[in-house]
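Everything on this sheet refers to the single structure shown next.
Both ligands and their constituent atoms are indexed starting at 1 by order of listing. All residue numbers in this chain count up from 1 along the given sequence.
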Amino acid sequence: MSISRRDLFKVAGVGILGAGLLSKPAFSAAERVVKMSAMLPSPKGNRVVICGGGWAGLTVAKYLKKEDPSIDVVLIEKRPNFFSCPISNEWLAGFVDLDFISHDYLQPASKYGYKFINTTVVAIERDKRRVYTPHGYIEYDYLVLAPGIKYNYDAWFKGDKDMTRYTKYHYPAAFIPGSEHLALKRKVWEFEGGDFVITVPPGVYRCPPAPYERAAMIAYVFKKNNVKGRVIILDPKEDIAPKGPGFRAAYEQLYLGIVEYVPKASIKEVDPVNKIIKTTAGDFKFTDANLVPPHQAGELVWMADLIAKDKEGKPTGWADQDPLTFQAKADPRVFLVGDVVGGVPYPKSGHMANSQGKIVARIIASRIKGKEHKLELPDNTCYSMVNGNPQEAIVISVTYKYDEKEKKIIPHPKVINQRSEALAKATYEWAKGMYRDLFA
Ligand SMILES: Cc1cc2nc3c(=O)[nH]c(=O)nc-3n(C[C@H](O)[C@H](O)[C@H](O)COP(=O)(O)OP(=O)(O)OC[C@H]3O[C@@H](n4cnc5c(N)ncnc54)[C@H](O)[C@@H]3O)c2cc1C
């Protein structure tokens, strides 16, 4: 049943008026949200609601409309505009301006004909097929969850919210775009000397080469600004990966005495107030830092109760998804796309999220038409800038094949560790192509 604007205000008003008459609130704030009506009139056909308008969500929205314009596609995103993590390290070094990595959500929504709703998803009821926002709920036939990652500061601070807040404000991770990136850039450009520490998260995390590329770009800025600073990378791994030889060569040939790479440095304790990090490779005092905690699937996957469990029944922190269909194992009407998934050989990258998004759009469109969808696997390409003068980059590309016998997805990587200006050019061409695909 559709509801008019007047009705909507009436519904909201009843709660407030009723509260006054009864001298105690008729509904709690949460109940008021739940009692609110549907935000959108019911569609004529199928509705797909996509939660999260990042690399994955934007791709699913556009390609669903391209596959079948009759599908009612609703994209819900909490940010008012798009800020790209890819190329943010080049922006950090001053090679591109903010316009290059910022985009508006209105152009693709109007061009491709999907609905863009700028609000936050606050609850999901899978049994009712409803997504709740502070403005009411939206019903779906299919749901796509693409909220990216969240930080797990509890691994460091065991639930101490004050310490978490202090660390976020003073040493932002800048792996989720927005203010954190702006704060990090200010810190890097205002740095006056000393040790600048970067922590590499343990296990699976967003964009495996990003901390190493970021270290190279920060070292470049220190060198350019004649700042007597060191960039210390604390890595729980035994060696740099991926593109290890390419990063190592850059650190040794371009930033000798500036970048110090410390392997096997698993974090035991972080003391942001006294600026000390205790690791299995020793204790490190820092002047300033980019403290990146462990990552997990974004909150919406937890809200929807779709987090995978390990053998002991403990949450793995990542979405429980069938990697061949992208469906939630517990609910075939829900698709999980992009960085939310762990335990597959796919890295968490914008390219991968875009590639997966196209496949998911085709799977959902086929399903709606009642057709079978032939198996498709995504691919990945990831450039890393390592030099600023001249700009030079390295690259990894990976295709995937499904081994029927082993029931396994097998990666086939190709790496170019020899840095070059041609690859730096290709980096920007790749980014422009991606932004065109998502926005133009
Ligand atoms: C420094 C850095 C450099 C990188 N460089 C590269 C690179 O060169 N190449 C590459 O391919 N990848 C790169 N990446 C990785 C890339 O940014 C991610 O893999 C990509 O963003 C994943 O896309 P996603 O859609 O899963 O998540 P996101 O892009 O994070 O999108 C998730 C969206 O969901 C929204 N959301 C979350 N919760 C809610 C809610 N409750 N309600 C409404 N909206 C919500 C968020 O606001 C966000 O917009 C880099 C990452 C970093 C940090």
Requested in this report: Flag this pair as yes if the NZ/CZ of Lys150 is under 6.0 angstrom from the six-membered ring centre of Trp302 and inside a 45 degree cone about the axis; otherwise no.
Outcome: yes
Query - Proximity winner for atom 18 (C) of ligand 1, if only heavy atoms of Asp339, Ile50, Val292 are counted - result: Asp339
Query raised in the report: So which protein heavy atom does atom 34 (O) of ligand 1 come closest to, and at what separation?
Result: Gly52 CA, 3.2 Å
Query raised in the report: Between Tyr212 and Tyr261, is any pair of side-chain heavy atoms under 4.5 Å apart?
Result: yes
Query - Shortest protein heavy-atom distance from atom 28 (P) of ligand 1, along with the residue and atom involved - result: Arg206 NH2, 3.5 Å
**Report entry** Any Trp430 heavy atom less than 4.0 Å to ligand 1
**Finding:** yes
Requested in this report: Report, in ascending order of atom number, the atoms of ligand 1 lying under 4.0 Å from any heavy atom of Thr120.
Outcome: 41 (N), 42 (N)
Query - Cys51 touching ligand 1 at heavy-atom level, < 4.0 angstrom - result: no
Query raised in the report: If you measure from each non-hydrogen atom of Ala210 to ligand 1, which part falls under 4.0 Å: side chain, backbone, both or neither?
Result: side chain
**Report entry** Any Lys185 side-chain heavy atom under 4.5 Å of Trp91 side chain
**Finding:** yes
Requested in this report: Answer yes or no for Arg79 and Phe83: cation-pi contact, defined as NZ/CZ to six-membered ring centre under 6.0 Å and angle to ring axis within 45°.
Outcome: no
Query raised in the report: Counting both backbone and side chain atoms, is some N or O of Leu300 under 3.5 Å from an N or O of ligand 1?
Result: no
Query raised in the report: Are the side chains of Ile368 and Ile364 in touch, meaning some heavy atoms are under 4.5 Å apart?
Result: yes
Query raised in the report: Are any non-hydrogen side-chain atoms of Leu234 and Val200 less than 4.5 angstrom apart?
Result: no
Report summary line: Correct closest heavy-atom pair for Tyr346 and Gln356 would be CD1-NE2, 3.6 Å
Query raised in the report: For atom 44 (N) of ligand 1, what is the nearest protein heavy atom, given as residue, atom name and distance?
Result: Lys78 N, 3.2 Å
Query - Tyr142 six-ring face occupied by Arg333 cation (under 6.0 Å, within 45°) - result: yes
Query raised in the report: If you count the atoms of ligand 1 from 1 in the order shown, which ones are under 4.0 Å from a heavy atom of Thr119?
Result: 43 (C)
Report task. Could you check atom 1 (C) of ligand 1 against the protein and tell me its nearest heavy-atom contact, residue, atom and distance included? Result -> Arg214 NH2, 3.4 Å
Query raised in the report: Taking only heavy atoms of Ala353, which atoms of ligand 1 are found under 4.0 Å from at least one of them?
Result: 23 (O)
Query raised in the report: Does NZ or CZ of Lys268 come closer than 6.0 Å to the centre of the six-membered ring of Trp156, within 45° of the ring's axis?
Result: no
Report summary line: Residue, atom and distance of the protein heavy atom nearest atom 35 (C) of ligand 1 read Glu77 OE1, 3.1 Å
Query raised in the report: Does NZ or CZ of Arg206 fall inside the cone over Phe175's six-membered ring, less than 6.0 Å from its centre and within 45° of the axis?
Result: no
Query raised in the report: At a 4.0 Å cut-off, with the gap strictly under it, does some heavy atom of Gly298 reach an atom of ligand 1?
Result: no
Report task. Only heavy atoms count here, so choose which of Ser384, Gly57, Ala146 is nearest to atom 32 (C) of ligand 1. Result -> Ala146
Query raised in the report: Does even one non-hydrogen atom of Ile149 get within less than 4.0 Å of ligand 1?
Result: no
Query raised in the report: Distance only, no hydrogens: is a donor on one side chain within 3.5 Å (strictly under) of an acceptor on the other, for Asp437 and Asn354?
Result: yes
Requested in this report: Quick one: look up the protein heavy atom nearest atom 37 (C) of ligand 1 and list residue, atom name and how far away it is.
Outcome: Pro147 O, 3.5 Å
Query raised in the report: Identify the closest protein heavy atom to atom 25 (O) of ligand 1: which residue and atom is it, and at what distance?
Result: Ala56 N, 2.8 Å
Report summary line: For Cys207, the ligand 1 atoms with a heavy-atom partner under 4.0 Å come out as 4 (C), 5 (N), 6 (C), 13 (C), 14 (N), 15 (C), 50 (C), 51 (C)
Query - Under 3.5 Å: N/O of Thr381 near N/O of ligand 1 - result: no
Query raised in the report: So between Ala297, Cys85, Gly338, Gly350, whose heavy atom ends up nearest atom 17 (O) of ligand 1?
Result: Cys85
Query raised in the report: Does the side chain of His170 pick up a donor-acceptor pair with the side chain of Asp288 at under 3.5 Å?
Result: no
Report task. Distance to 0.1 Å, residue and atom name: give those for the protein heavy atom nearest to atom 13 (C) of ligand 1. Result -> Pro86 CG, 3.3 Å
Query raised in the report: How long is the span from the NE2 atom in His351 to the SG atom in Cys207, to the nearest 0.5 Å?
Result: 12.5 Å
Query raised in the report: Below 3.5 angstrom, do we get any N/O pair linking His181 and ligand 1?
Result: no
Requested in this report: Indicate yes or no: at least one non-hydrogen side-chain atom of Phe439 is less than 4.5 angstrom from one of Leu58.
Outcome: yes
Requested in this report: Give the atoms of ligand 1, by number and element, whose distance to some non-hydrogen atom of Ser88 is under 4.0 Å.
Outcome: 1 (C)
